[in-house]
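Down below is the structure, laid out as structure tokens.
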Amino acid sequence: MKVLSPFFSVALTQSTLCAAQGYTNESEVPYYGLSPPVYPSPVGNGTTSNAWKNAYQHAKAIVSKLTLEEKVNVTGGFDGACVGNSGAVPRLSIPSLCFQDAPDGVRGQEFVSAFPASIHVAATWDRSLMYQYGNALGEEYHDKGIHVALGPVAGPLGRIARGGRNWEGLSADPYLAGAGMGAITRGIQDAGVIASAKHWLLNEEEWRRNPGNLGESESSNADDRTIHELYAFPFMDSLRDGVGSVLCSYQRVNNSYACQNSKLLNGILKTELGFEGFVVSDWEGQHAGVASANAGLDIVMPDQGFWGNKLTEAVNNGSVSTDRINDMATRILSSWYYLDQNKGYPSNGVYANDKKHDPVDVQGDHASLIREIGAAGIVLVKNTNNALPFTNSTRFLSVYGYDATLPPSPWNNPSRYGGGYEVNFGWNTFNGTLVTGGGSGGSTPPYVVSPIQAIQERISRDRGTLRWDFWSENPTPAYVNSDACLVFINAYASESFDRETLQDEFSDNLVKNVASNCTNTIVVIHSAGIRTVDTWINNPNITAVLFAGLPGQESGHSLTDVLYGEIAPSGRLPYTIAKNESDYGRLLNSTISFDAFPQVNFTEGLYIDYRYFDKEEIEPRFEFGFGLTYSTFGYAGLRVTANNGSSSTAELPDPDIAIVQGGHPQLWDELYTVTASITNTGNVTASEIPQLYVSIPNAPVRQLRGFEKVPLKAGQTKSVRFPLTRRDLSIWDVEVQQWRLQRAEYGIFVGASSRDLRLKGSVRIQ
Ligand code: NOJ
């Protein structure tokens with residue numbers, strides 16, 4: 001691979017150069033925000049594994065039989081049953097591939113499940129649930145005849161606190177997000193469906209994500225190290241676990257549109273990370289024909305965009321090479337073969353009875369998994385006076401707030417895509433409970449168990465008493481005999497716009513008003529991401545607070561399982577909750593610019609979320625990784641062992657070993673193992689989530705590099721093992737363009753959150 005730009009190494013060392021040249025701000029460096037050209041586009045060849053090799057053999061054979069027009073047909077979108085449908089070649093039995101949202105459930109159809117949103121899954125910190133989630137999703141996509149599921153999501157990562165789509169992704173931490181990306185990818189693909197990791201890359205805000213009347217889209221400008229260590233990092237896990245498709249994002253990256261950015265597609269994705277599958281554009285995210293083809297885009301959606309006949313012409317006149325068009329078609333069909341979809345696939349019903357899709361019921365028994373993940377992702381952040389769990393004598397509850405109940409109708413916010421609806425129950429519309437977010441990432445629930453429904457079920461079983469007021473800002477004072485007052489509020493977010501606030505006055509007043517009349521007030525927050533709570537969190541009448549996330553269709557049941565102690569809470573925050581919105585500093589809002597070429601400079605580099613709070617020594621209200629449960633845990637016996645037999649601790653991976661999908665294979669070698677033992681020192685069965693943080697020299701103060709969910713009976717002790725891979729310990733060296741281990745001492749910490757570090761040690765790499 002030849003890198004043509006004279007700016008290549010320069011652009012990559014901008015921090016150093018910035019200082020050396022007397023600039024105080026990277027954005028002042030003249031070449032900041034320039035994307036180096038990387039051509040030609042690498043030809044996929046299936047060297048990663050036998051499965052890919054086999055898929056490529058079949059794909060190459062069939063592509064050799066296609067006419068140019070047929071190849072072009074395969075690389076574009078047409079109308080059909082799904083939000084995207086590729087061109088078919090009926091004479092060779094190549095079907096139209098059906099692409100559909102969303103990352104938390106098939107959208108816009110009937111008899112499908114509404115799973116918890118990805119941010120909720122991340123909050124479980126449970127690798128097994130992450131996989132089961134992906135697999136159950138995959139089963140539903142498969143049985144609906146959908147070939148490509150548009151997820152999982154690691155972009156946005158969550159750079160800005162008010163990002164409209166953060167909830168569609170997994171976490172503001174690349175390691176936790178990566179664990180989810182890998183597990184969900186495997187889950188979806190084990191069910192026979194092609195996963196499409198999105199949005200590649202730096203789609204961190206909604207403001208001007210697309211070009212429009214004001215000019216071009218925003219350009220997310222990030223330096224090479226930040227791209228690798230933060231934003232591309234979680235995609236590596238998805239790639240390593242075999243993802244068949246990657247969706248390129250809307251906005252520009254270093255001033256080149258992501259779907260025609262050769263550095264991102266040809267360079268990082270297809271060369272460094274050895275991607276074997278195909279790149280699909282975000283919907284109408286293609287902005288040029290020849291440029292996108294040569295930069296590595298393989299298929300355009302939802303129509304033929306700048307391709308179609310023009311692509312045929314471009315191949316005929318040599319602007320796009322025959323190798324490239326062959327590679328485009330081969331990559332698309334390789335993924336199809338890789339997932340064995342050629343061996344028979346359910347119909348997506350487009351032609352049946354003239355209806356858009358068959359009413360096939362694909363829900364299986366997923367409701368119980370949804371309920372389980374719903375409960376596992378609830379984060380308990382305050383619990384005083386033994387407010388929770390409720391006991392057998394908790395039989396009289398008062399329930400307040402718009403988020404406790406269903407909206408008047410689920411149809412009041414019709415989706416723009418696919419005929420479904422978004423459960424848009426935002427606070428200011430006083431609409432009802434929030435179980436998903438808005439836009440293409442919103443699910444389409446077959447039903448929603450509201451909190452009040454589940455509480456009623458429980459109260460009737462316990463022969464208890466219930467009072468409620470869903471709509472008042474200052475509800476009638478609770479009956480003095482109430483055992484507890486539950487207040488339900490939410491915070492909505494959606495694709496297409498960033499949030500205006502992380503809190504709202506109506507909801508905060510509601511909480512304060514209830515608390516002023518009730519000495520045992522329990523607050524439940526359903527939120528699409530961060531929700532600040534400082535106007536009332538220290539009120540002594542507020543005895544418990546739960547972040548109940550975006551739990552999907554079984555919302556109420558998941559909640560009552562935790563409230564009544566059927567399940568001890570084990571969710572942990574996948575982001576930082578600040579005391580004040582202003583504590584997020586420049587990472588609070590999108591960068592609002594009315595320029596024709598708006599520039600969003602990621603000059604904070606690696607320092608987002610807790611990395612930023614740690615660096616600036618800002619005390620958060622609730623730190624990343626924090627969450628309480630109904631028991632307590634002891635930590636002991638930290639050990640760091642060098643693994644005999646793993647690859648050496650050479651500073652760089654062996655250059656003679658070929659790249660496979662996911663990157664250099666040695667990046668995944670487990671160089672060290674950290675062990676510790678965890679004891680449940682309380683009286684009830686509960687799960688602890690010990691977390692491993694590493695202080696990598698010349699990098700953020702501490703970074704998450706391991707976690708495990710450990711279920712423990714009262715008094716029980718278990719040993720937990722965290723493997724540390726070469727990638728976990730490396731930094732991206734912009735000079736040599738490789739992951740580098742440093743000859744230095746690394747701090748090792750195991751604890752209950754990013755700030756509750758119980759065990760400390762170190763390891764010296766030499
Ligand atoms: C645009 C969104 O950005 C993307 O996530 C989605 O998959 C497509 N629309 C299709 O709905």
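If you read the sequence from its start, that first residue is 1, and numbering goes on from there. In each ligand, atom 1 is the first atom listed, and ligand 1 is the first ligand listed. Here the structure is a predicted model, which means the values were calculated and not measured.
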(request) Hey, could you give me the CG/OG distance between D298 and S41, rounded to the nearest 0.5 Å? (result) 6.5 Å

(message) For E168, state whether at least one heavy atom is located under 4.0 Å from any atom of ligand 1.
(response) no

(request) Answer with side chain, backbone, both or neither: which part of R209 has a heavy atom less than 4.0 angstrom from an atom of ligand 1? (result) side chain

(message) Side chain or backbone, does K198 bring an N or O within less than 3.5 Å of an N or O on ligand 1?
(response) yes

(request) Mark up the atoms of ligand 1 that fall under 4.0 Å of a heavy atom belonging to L150, in ascending order. (result) 7 (O)

(request) Verify whether one side chain among S238 and D241 offers a donor that lies under 3.5 Å from an acceptor in the other. (result) no

(message) Once you restrict to heavy atoms under 4.0 Å, what part of H199 touches ligand 1? Side chain, backbone, both or neither.
(response) side chain

(message) Quick check: do W52 and S335 have side-chain heavy atoms less than 4.5 Å from each other?
(response) yes

(message) Is a donor from one side chain sitting under 3.5 angstrom from an acceptor on the other, for R165 and S440?
(response) yes

(request) Measure centre to centre between the rings of F594 and W207, then say whether the value is under 6.0 Å. (result) yes

(message) Show me which atoms of ligand 1 lie under 4.0 Å from any heavy atom of E495.
(response) 1 (C), 2 (C), 3 (O)

(message) Using a 4.0 Å cut-off to any heavy atom of Y250, which atoms of ligand 1 qualify?
(response) 1 (C), 3 (O), 9 (N)

(request) Using a 4.0 Å heavy-atom cut-off, say whether E284 meets ligand 1 through its side chain, its backbone, both or neither. (result) neither

(message) Is any side-chain heavy atom of Q304 closer than 4.5 Å to one of F78?
(response) yes

(message) Counting only heavy atoms closer than 4.0 Å, does ligand 1 sit against the backbone of R107, its side chain, both, or neither?
(response) side chain

(message) Checking side-chain polar atoms at under 3.5 Å, does S113 have a donor or acceptor matched by the opposite partner on Q363?
(response) no

